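None of the values given here were measured: they were computed from a predicted structure. Start at 1 with the first residue, then count along the sequence. Whatever order the structure lists them in is the order used to number ligands and atoms, beginning at 1.
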Amino acid sequence: MKKVIVLGGGIAGVEAAISLRKYNFDVELISDRDYLYVYPISIWIPTKEKKFEDVIIPLEDIAKAHKFKFTKASVSTVNKNGFELEDGTKRDDFDYLVIALGQAKKKHKGIENTYSICSKPEETLKYTEKLEEVINKGKGTLCFGFGGNPQAKESVRGGPVFELLFNVDYYLRKKGIRENFELVFFAPMPKPGERLGEKALQLMDKMFKKLNIKKITGKKIKEFVLDGIIFEDDSKQYSDLTCFIAAGDGHPAVKAGDLPQTEAGFIKIDKTNKVEGLENIYAIGDSVALEGPSWKAKQGHLAEVMARNVAFNIALKEGLEKGEPKSYIEHINILCLMDMGNGGGLAYRDDKKAMLIPLPIIGHWMKKGWGIYYKLTKLGKFPKII
Ligand SMILES: Cc1cc2nc3c(=O)[nH]c(=O)nc-3n(C[C@H](O)[C@H](O)[C@H](O)COP(=O)(O)OP(=O)(O)OC[C@H]3O[C@@H](n4cnc5c(N)ncnc54)[C@H](O)[C@@H]3O)c2cc1C
């Protein structure tokens, strides 16, 4: 049986390993963490609705359920003819390689003065601690923002910032202390979130006004300082605690290697997720350069589609499937249940429509339900519906 190595144990890598096992390939998954971190439900850690243990799934348990091998190791370089681990081990013992290492974050001056909920899980825990400290002081200014990447607009991650902001607002209201805190949203682009469409922007604006959230948009960020944010016009927003999600950047192990990649370090692939010019290396999820419409975004559901397509496409090459190779392009849409703590909104965008449907109360519980469903299906304890 042909051997497939999957690099990265996130949403994309795990789905690829599971899907490849359905064709009986000999699968090894290599990842630097020994758990899958379910980012979409990690937004509730800072407001204590979820504990760290609730948003992880041990990779060893997933490996056991789906009969693949898990190796904990950090990849330092990925090349056309193989990859290297941090300890210097070089590996090319595969028939196919699937790269699912996710993305890094753009660097900003003074970023060490901010916290992120979209990088390493430890960062979210640090933010949670700090948020509690500020709340315990009884008053303060909390800032929430995200940055851009002109070289890869699809790598901008704004959704979780809005979710965290609305959840913190609700958390403070539940405690009866919201009026003691100033909540500020900032982003350098004039219309942050515009890929969700004009109607969604209007709805968000209404929410900001209703919840008394200050908005600073269209001003480039010069630097972050210990007590705030300095903008390009040298104006300063004071902050006791800043959560800032820098836009995505290419993974360092990809940048260090010789795979075809964009200027930003995202892997160039064809529509079947095969790395450009290579026959046996595929790349999926946040680590790739996406083709498609200007509003495209890197999302978990697209990462999963790519993973399943790659399993099919490899099986097709090996004569285990019939038909045409599968493409990810027609699956590009934005589908996001944006949580607000006491409800949510279903954001959807494709070529024909863009909408944000408010889902008071139920939206929150739908996202919670999705989290449970996701964990159970990955552990093989519940059948996958789609
Ligand atoms: C807070 C947050 C909320 C989100 N909410 C949603 C949502 O509601 N809906 C949605 O569709 N999408 C959402 N997303 C986006 C979604 O989570 C990502 O698109 C998805 O996680 C991408 O999967 P991936 O496997 O490519 O990357 P990741 O999930 O980042 O996984 C990368 C994996 O590679 C491993 N790795 C990294 N570097 C190395 C290395 N050097 N060596 C070995 N292993 C390594 C990591 O440990 C990790 O396991 C959210 C993202 C965030 C951050």
Side-chain angles (χ1 to χ4, degrees), residues 5-17 29-46 50 55-59 62 70-78 83-87 98-105 116-124 127 146 154-164 167 243 245-248 250-257 266-267 273 283-288 290 296-307 310 331-339 344-348 363 366-368 370-371 374:
I5 294 186
V6 179
L7 303 179
I11 289 182
V14 163
E15 183 70 3
L29 183 142
I30 298 178
S31 196
D32 60 352
R33 298 197 278 264
D34 53 13
Y35 55 85
L36 162 62
Y37 189 65
V38 190
Y39 278 109
I41 56 170
S42 70
I43 49 154
W44 291 308
I45 293 180
K50 289 268 179 216
V55 308
I56 65 166
I57 317 175
L59 284 172
I62 305 178
F70 165 59
T71 304
K72 187 179 176 205
S74 182
V75 179
S76 59
T77 315
V78 192
F83 60 93
E84 194 171 333
L85 301 176
E86 291 287 357
D87 65 5
V98 180
I99 305 160
L101 290 169
Q103 57 182 359
K105 294 279 169 219
S116 168
I117 59 157
C118 292
S119 326
K120 293 204 163 97
E122 299 86 309
E123 281 268 315
T124 302
Y127 178 76
F146 58 87
E154 70 273 21
S155 298
V156 170
R157 189 139 280 157
V161 180
F162 292 121
E163 291 189 293
L164 179 70
N167 269 273
C243 176
I245 314 292
H251 193 284
V254 173
K255 285 187 176 183
F266 292 107
I267 306 170
N273 286 88
I284 55 177
D286 284 359
S287 60
V288 307
L290 286 184
K296 61 190 177 285
K298 289 184 175 171
Q299 282 205 291
H301 71 92
L302 186 62
E304 289 209 317
V305 167
M306 288 177 167
V310 162
H331 296 276
I332 291 183
N333 56 36
I334 296 176
L335 179 64
C336 179
L337 231 177
M338 198 184 293
D339 189 70
L346 182 69
Y348 182 79
M366 277 167 72
K367 189 146 184 156
K368 283 258 166 82
W370 174 84
Y374 183 83

* **Partner of Ser287 under side chain to side chain contact (heavy atoms under 4.5 Å, CB included), chosen from Val78, Leu7, Ile267** => Ile267
Note down each nitrogen or oxygen pair, ligand 1 side and protein side, whose separation is under 3.5 Å; give only atom names and the distance to 0.1 Å.
| from | atom 1 | to | atom 2 | distance (Å) |
| --- | --- | --- | --- | --- |
| ligand 1 | 8 (O) | Lys367 | NZ | 2.9 |
| ligand 1 | 11 (O) | Gly300 | N | 3.0 |
| ligand 1 | 12 (N) | Gly300 | N | 3.1 |
| ligand 1 | 19 (O) | Arg157 | NH2 | 3.4 |
| ligand 1 | 19 (O) | Asp286 | OD1 | 3.0 |
| ligand 1 | 19 (O) | Asp286 | OD2 | 3.4 |
| ligand 1 | 19 (O) | Gly300 | N | 3.3 |
| ligand 1 | 25 (O) | Ile11 | N | 3.3 |
| ligand 1 | 25 (O) | Ala12 | N | 2.9 |
| ligand 1 | 26 (O) | Asp286 | N | 2.9 |
| ligand 1 | 36 (N) | Asp32 | OD1 | 3.3 |
| ligand 1 | 38 (N) | His251 | NE2 | 2.8 |
| ligand 1 | 41 (N) | Val75 | O | 3.0 |
| ligand 1 | 42 (N) | Val75 | N | 2.8 |
| ligand 1 | 44 (N) | Asp32 | N | 3.1 |
| ligand 1 | 44 (N) | Asp32 | OD1 | 3.4 |
| ligand 1 | 47 (O) | Asp32 | OD1 | 2.5 |
| ligand 1 | 49 (O) | Gly9 | N | 3.3 |
| ligand 1 | 49 (O) | Gly9 | O | 3.2 |
| ligand 1 | 49 (O) | Gly10 | N | 3.1 |
| ligand 1 | 49 (O) | Ser31 | OG | 3.4 |

* Asked: Taking the side chain from Glu84 and the backbone from Ser76, do they hold a donor-acceptor pair closer than 3.5 Å?
  -> no
* Asked: side chain to side chain donor-acceptor pair (under 3.5 Å) with Lys50: which residues, sequence neighbours excluded?
  -> none
* Quick one: do Lys105 and Glu123 make a salt bridge, cutoff under 4.0 Å? -> no
* Check ring pair (Phe, Tyr, Trp, His ring centres under 6.0 Å) between Tyr127 and all other residues, then give those that pass, not counting sequence neighbours. => none
* Structure fact -> With sequence neighbours left out, the residues meeting side chain to side chain donor-acceptor pair (under 3.5 Å) with Asp286 are Arg157
